[in-house]
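Some notes on the structure that comes next.
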Amino acid sequence: MELFIDTANIEEIKEANSLGIISGVTTNPSLCQKEGRDFKASIKEICGIVSGPVSAEAVSMKCDEIVKEAEVLAKIAPNVVVKIPIFEDGLAATSKLAKKGIKVNMTLIFSTNQAILAAKAGAAFVSPFVGRLDDIGQDGVDLVADIVSIYKDYGINTKVISASIRNPMHVTASARVGADIATVPFNVLKAMVKHPLTDIGIEKFLSDWQVLQTVTSKN
Ligand code: E4P
């Protein structure tokens, strides 16, 4: 499973990228609003940091306008993937964009049928929102598992991005059910690194090393 980072924060992207663990970035209007920067300038900067897919969301609500907006976004950099929510005009725009070779990440997926439709329209990626489903008492990872299994049965190439990840267990569970990608917020990536036994182990190795230096320096 690949890991993307789910943020529009440049410092977070640079830090995660420097660890060599992420292969793409997802943003959305809420994440961009949090940064308060010019949207296109942010996407351009992100695309200069990460060479893999960078999702930038279109906000138009009519098919032709979505297509126009997507074409502008796709020109920012070759690794831009246009994020489009699932609704009728979004599907129609996705099918037009797919024919033009522009990659779409169909977002706000909350059912298997939406994922089937997104794939039919030619979306390169679908983003089922795990955390938001969990929030309303529906198992988000189950949805990811169902989509992965249906796509596998029918040889569908659309990649499944496990999105709306809220904790490290969501990442493990997404990997277990075969998600192609998990897009993970910075704080969750940081939490994935940590284990108290690792901290204790590092501390013990370092203190034993110091003892060894003291003993050998006396010989
Ligand atoms: C996905 O691409 C979205 O940007 C994101 O995962 C949404 O997460 P949230 O439900 O925590 O806002």
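For ligands, and for the atoms within them, numbers begin at 1 and follow the listed sequence.
Residues passing the salt bridge (charged side-chain N to carboxylate O under 4.0 Å, His left out) test with K190, sequence neighbours excluded: E15. In this structure, the side-chain hydrogen bond (donor to acceptor under 3.5 Å, both in side chains) partners of D135, at least two apart in sequence or on a different chain, are R166. Legend: residues meeting side-chain hydrogen bond (donor to acceptor under 3.5 Å, both in side chains) with N157, ordered by chain and number and at least two apart, are absent.
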Please tabulate protein-ligand N/O pairs under 3.5 Å for ligand 1, atom names and distances to 0.1 Å.
{"residue": "ligand 1", "atom": "2 (O)", "partner": "K83", "partner atom": "NZ", "Å": "2.6"}
{"residue": "ligand 1", "atom": "4 (O)", "partner": "D6", "partner atom": "OD1", "Å": "2.9"}
{"residue": "ligand 1", "atom": "4 (O)", "partner": "N28", "partner atom": "ND2", "Å": "2.8"}
{"residue": "ligand 1", "atom": "4 (O)", "partner": "K83", "partner atom": "NZ", "Å": "3.2"}
{"residue": "ligand 1", "atom": "6 (O)", "partner": "D6", "partner atom": "OD2", "Å": "2.7"}
{"residue": "ligand 1", "atom": "6 (O)", "partner": "S164", "partner atom": "N", "Å": "2.7"}
{"residue": "ligand 1", "atom": "10 (O)", "partner": "R132", "partner atom": "NE", "Å": "2.7"}
{"residue": "ligand 1", "atom": "10 (O)", "partner": "S164", "partner atom": "OG", "Å": "2.7"}
{"residue": "ligand 1", "atom": "10 (O)", "partner": "R166", "partner atom": "NH2", "Å": "3.0"}
{"residue": "ligand 1", "atom": "11 (O)", "partner": "R166", "partner atom": "NE", "Å": "3.4"}
{"residue": "ligand 1", "atom": "12 (O)", "partner": "R132", "partner atom": "NH2", "Å": "2.8"}

Open item on the list: Is there a side chain to side chain contact (heavy atoms under 4.5 Å, CB included) between T112 and I147? Walk through the geometry before answering.
Closed with: CA-CA 6 Å; T112 47; I147 297 170; 4.2 Å; yes
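Between K204 and D208 there is a salt bridge, since a side-chain N of the basic residue sits under 4.0 Å from a carboxylate O of the acidic one.
With a 4.5 Å cut-off on side-chain heavy atoms, I165 and S174 count as touching.
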